[in-house]
Each structure stands twice: as structure tokens, then as C-alpha cells.
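A short worksheet on the structure shown next.
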There are 2 protein chains.
Amino acid sequence: MTHPRRRLRPEQRRAEILDAALEVFAERGYRGASLAAVADKVGLTQQGLLHYFPGKDALLIEVLRRRDEVDSGAYTPSGNGLEMMEKLVTHNATLPGLVQSFTVLSADSVTDNHPAKEFFTERYRRTRETLAESIRREFGEEPPGGLTPEQAAALLVAVMDGLQLQWLLDPGEVDMAAVFHAFAGLLRSASPAAPPAPSSPTDHGYAG
Amino acid sequence: MTHPRRRLRPEQRRAEILDAALEVFAERGYRGASLAAVADKVGLTQQGLLHYFPGKDALLIEVLRRRDEVDSGAYTPSGNGLEMMEKLVTHNATLPGLVQSFTVLSADSVTDNHPAKEFFTERYRRTRETLAESIRREFGEEPPGGLTPEQAAALLVAVMDGLQLQWLLDPGEVDMAAVFHAFAGLLRSASPAAPPAPSSPTDHGYAG
DNA sequence: GTCTATATTAAGATAGAC
DNA sequence: GTCTATCTTAATATAGAC
């Protein structure tokens with residue numbers, strides 16, 4: 001046995017590492033995570049891992065980018081903006097690990113010199129824009145309750161994020177899907193007269 | 001000069017340290033913060049600081065507890081639950097540092113073995129309970145939009161938290177006070193007929 | 001009450017063997 | 001491609017001097 005190690009194509013290895021890294025970052029946050037812990041999970045040493053990624057920062061950014069790509073390919077609910085969000089929240093309620101990673105890392109990212117600060121700023125900006133577009137198609141320039149489409153978008157994302165945090169801390173007390181659904185109902189009922197515009201479902205790629 | 005150091009009553013010292021610690025925790029998260037950095041801010045060494053607190057965990061918990069006490073004494077907006085929340089959000093929009101500390105640390109607290117996990121779980125539970133009580137007084141058993149009082153409470157807290165995150169990342173793009181105000185308007189407009197019950201303002205002590 | 005000194009542990013990163 | 005070995009830095013914590 002000249003080559004006792006596990007035979008893996010480089011791309012498989014990288015994917016493995018990225019999955020393991022997401023777990024560790026979710027469990028301990030960016031600063032609390034160690035490369036050695038990630039390496040352990042895939043049966044490598046820290047130095048073996050560093051063959052695939054130049055450093056911790058780059059690993060984090062790649063984890064986040066890849067996750068968005070994969071998720072938006074694997075799960076894109078159909079319907080208008082509000083319906084999509086509702087389905088997404090219900091979907092996320094079955095994936096506490098994934099929810100935790102984005103909840104932890106997005107808040108982490110507001111700290112000083114955090115490597116994912118730009119990533120999350122841009123991601124939220126894009127999400128709001130796409131969602132506002134969708135709201136415009138659905139409700140026109142005046143969505144329910146005197147909100148602008150941009151405000152409604154920020155609000156929807158805020159509700160989703162805020163509920164995730166409470167749900168992670170206390171899953172028995174907070175039913176995030178139920179509350180989000182009720183909130184969606186509130187939005188609809190406040191709507192003057194929603195003209196179901198011909199919608200082309202947009203992938204906003206929002207999974208966290 | 002037999003005693004060259006700064007003369008401070010122990011309670012002042014402790015207060016100083018707690019303030020400095022909150023800053024450092026907000027800037028770097030719990031795991032990224034170092035006792036030495038906190039000590040530096042008040043002109044002590046790490047070991048000098050440890051004379052006042054047994055360790056990092058205890059320091060964090062004390063920081064959070066004290067902050068809630070001080071804030072609820074210093075700022076308690078009047079009015080019903082919804083009005084109080086609106087005023088609180090407007091108030092918080094002038095205190096990015098404080099908002100950052102609670103945003104960062106609350107999300108941090110969902111990670112494995114985090115010393116503040118219980119603190120935040122209990123804090124959110126209390127906040128929801130108090131807020132639900134206030135909503136009951138204001139709207140009776142059926143608040144706007146088919147929500148239960150408990151759901152409405154979770155929703156309000158979620159909106160506040162979620163907007164804080166987006167605002168911290170992108171203060172130029174997200175006007176959290178404006179969006180929260182619009183959201184409050186949405187809730188009110190969805191209300192069947194809000195009977196202004198005789199309210200005794202309740203301090204829910206929610207500052208983050 | 002605060003310091004110096006130090007023990008211990010662990011992190012990220014680099015160099016080079018195989 | 002992955003390892004061993006090592007450098008460097010930094011963390012919490014303890015012991016004990018002043």
C-alpha cells in the first residue's frame with residue numbers, strides 16, 4: 001500500500017471540506033472555529049486542509065458563496081414573493097443547522113474586520129432588491145400598509161431573520177413558520193386589492 | 001507616593017470594566033474578545049481585571065445583566081406596547097454600539113456551549129411574555145391579523161432584531177426606525193377597532 | 001488592589017519530507 | 001496531496017510579590 005489515504009477527486013475533497021467548515025462555523029462562530037476542527041471532520045490535518053484553501057478567511061467566504069449557489073439550485077420555491085418566503089420559512093424550519101450557520105455568521109459579520117462583512121452586506125442588498133422587484137410586480141408601487149416596496153422587502157427579511165433567532169434559542173416556544181404565515185396573512189389582508197400580476201418566479205437565493 | 005495607582009472605589013472600577021467589556025464583546029464577539037483588551041481600556045492588566053471577576057464567562061453574564069438593569073432604569077418609553085416599541089427603535093437608532101452588542105451577542109449565544117445561551121433564552125421569553133401581556137391589554141385576545149398575542153409579541157421582537165442587523169450592515173440603505181414605524185402602522189390599520197384600554201406602562205426592559 | 005512572572009493550551013501559518 | 005515538525009503569537013488562568 002504505497003498510497004494508504006482516501007482517494008478523492010480534488011473537487012470532492014473541496015466540497016467535503018466546505019460542508020465540514022459550515023458546520024464548525026455554525027457551531028462556534030467564525031473566531032471560535034479552528035481549521036484543525038474542520039480538518040478533523042474530513043480526516044485531514046490542518047496542514048492538509050490548507051492545501052485546498054489559502055487560509056481561514058478564504059475558507060469562510062467560499063463556504064458562504066458555495067452554500068448560496070447550491071441552495072438556490074436545490075430549492076427554489078415557486079409563486080410570488082410572499083408565497084416563496086412562506087415556503088422558504090417552512091423549509092428552513094426543517095434545517096436548524098443551516099439556519100444556525102447563517103444566523104450566527106450574519107450577526108458575526110458586523111464585528112470589526114470580519115471577513116464576511118462585505119459578503120453579507122451585498123447579499124442583503126441583493127435580496128432586498130430582488131424582493132422589492134417581486135413586490136412591485138405583485139402589488140405595484142404601493143404595497144400594503146403604506147410601505148414602499150423596498151421597506152416591505154427589508155421588513156420581510158427582518159421578520160424571517162428575527163424569527164430564526166428566537167426559534168433557534170427556543171424551538172419549543174416559537175413556531176417560526178406559524179408566525180411568519182400569520183404575518184403574511186396580515187400583509188395580504190392589509191392589501192387594498194392585490195392584482196395577481198403575471199409573475200415570473202425570481203430566484204432570490206435567500207436561504208438563511 | 002506609596003499608592004501611585006488610580007483611586008477608584010471598587011464599585012466604580014467594576015462599572016468601568018463592565019462598560020469596557022461590553023464594547024469589546026460588541027466589537028469582536030464573545031470568543032474573539034480578550035480579557036487583556038478589556039483590561040487595557042481601563043488601564044489594568046488582565047490579571048488586575050481578574051481580581052474583580054472570576055473569569056470571562058462571568059464577566060459576560062454580568063455585562064449583560066447590568067446593561068439590562070441600567071437601560072431599563074435610564075430609558076423607559078411611555079405608552080402602550082406598540083408605541084413603546086416604536087420609541088425604543090427610534091432611540092436605538094442613535095446607539096449603534098449598544099445595538100451591535102446585543103445583535104452580535106444574541107446570535108453568538110446560539111452557538112455550542114455559549115455562556116449566555118440561557119441568559120438570552122430567558123430574556124426573549126420574558127420579553128415576549130411581557131409584550132404579549134401588553135398586547136392583550138391593548139387589543140384583547142385577538143390582535144390584528146389573526147395573530148395570537150404571543151405570536152404578535154414574537155413578531156414585533158423579530159422585526160426589531162431583524163431590522164437592527166440590516167441597519168448595522170448598511171445604515172445608509174436601511175432606515176430601521178422608518179420601516180418599524182411603517183410596520184406599526186400596518187398592525188394598527190389591520191386592527192379591527194383598538195379600544196384604548198387603561199394601560200399601566202410595563203417595563204419590558206428590551207434594549208437590544 | 002494590582003502587578004510580574006509563568007504555566008498551559010491552542011491558534012494560524014510556513015517549510016520541507018515523502 | 002498530505003504529512004511531520006516547527007515558528008510565532010496569543011489566550012486563560014494561577015501563584016505569589018509588593
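Residue numbers begin at 1 in each chain, while the letters A, B, ... track the order of the sequences.
- Straight-line distance from the CG atom of B:Leu44 to the P atom of C:dT4: 11 Å, rounded to whole Å.
- One interatomic measurement links the two molecules: NZ of B:Lys56 to C1' of D:dA10, which rounds to 12 Å at whole-angstrom precision.
- A residue-by-residue look at A:Gly32 and B:Tyr52 shows that B:Tyr52 has its nearest nucleotide of DNA chain C further toward the 5' end.
- Mapped onto DNA chain D by nearest heavy atom, A:His51 and A:Gln47 fall at different nucleotides, with A:His51 at the one closer to the 5' end.
- Taking the nucleotide of DNA chain C with the nearest heavy atom to each of A:Tyr30 and B:Thr45, the more 5' of the two is matched to B:Thr45.
- Here C:dG1 presents its P atom at 14 Å from CD of B:Glu16, a figure rounded to the nearest Å.
- Between A:Tyr124 and A:Phe120, the ring-plane angle classifies as tilted under the 30° and 60° cut-offs.
- When the P atom of D:dA10 is taken as reference, atom CZ of B:Arg28 falls 11 Å away, rounded to whole Å.
- Protein atom CZ of B:Arg9 is 14 Å distant from nucleotide atom P of C:dT2, rounded to whole Å.
- For A:Gln46, the side-chain atoms get nearest to C:dA13 when compared with the rest of C:dA13, C:dT2, D:dG1.
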- Task: Check step by step if side chain to side chain contact (heavy atoms under 4.5 Å, CB included) holds for A:Asn80 and A:Glu83.
- Result: CA-CA 5 Å; A:Asn80 60 43; A:Glu83 280 166 9; 3.5 Å; yes
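- Note on B:Ala39: nothing from the nucleic acid sits closer than 4.0 angstrom, heavy atoms only.
- One can place CG of A:Leu35 at 15 Å from C1' of D:dT9, the figure rounded to the nearest angstrom.
- Rounded to an integer number of Å, the gap from CD1 of B:Ile17 to C1' of C:dT2 is 11 Å.
- Nucleic acid contact class of B:Ala37 (heavy atoms, under 4.0 Å, all strands): none.
- Using modelled atom types and a 3.5 Å distance limit, the side chains of B:Ser106 and B:Arg123 yield no donor-acceptor pair.
- No side-chain donor from either of A:Ser101 and A:Arg67 sits under 3.5 Å from a side-chain acceptor of the other.
- We find that CD of A:Glu11 is positioned 11 Å from P of D:dG1, with the value rounded to whole Å.
- Within the 4.0 angstrom heavy-atom criterion, base atoms lie near A:Leu50.
- For the pair B:Arg13 and C:dT2, the criterion of a side-chain N or O lying under 4.0 Å from OP1 or OP2 is met.
- Side-chain atoms of B:Lys117 come within 3.5 Å of backbone N or O of B:Thr111 as a donor-acceptor pair.
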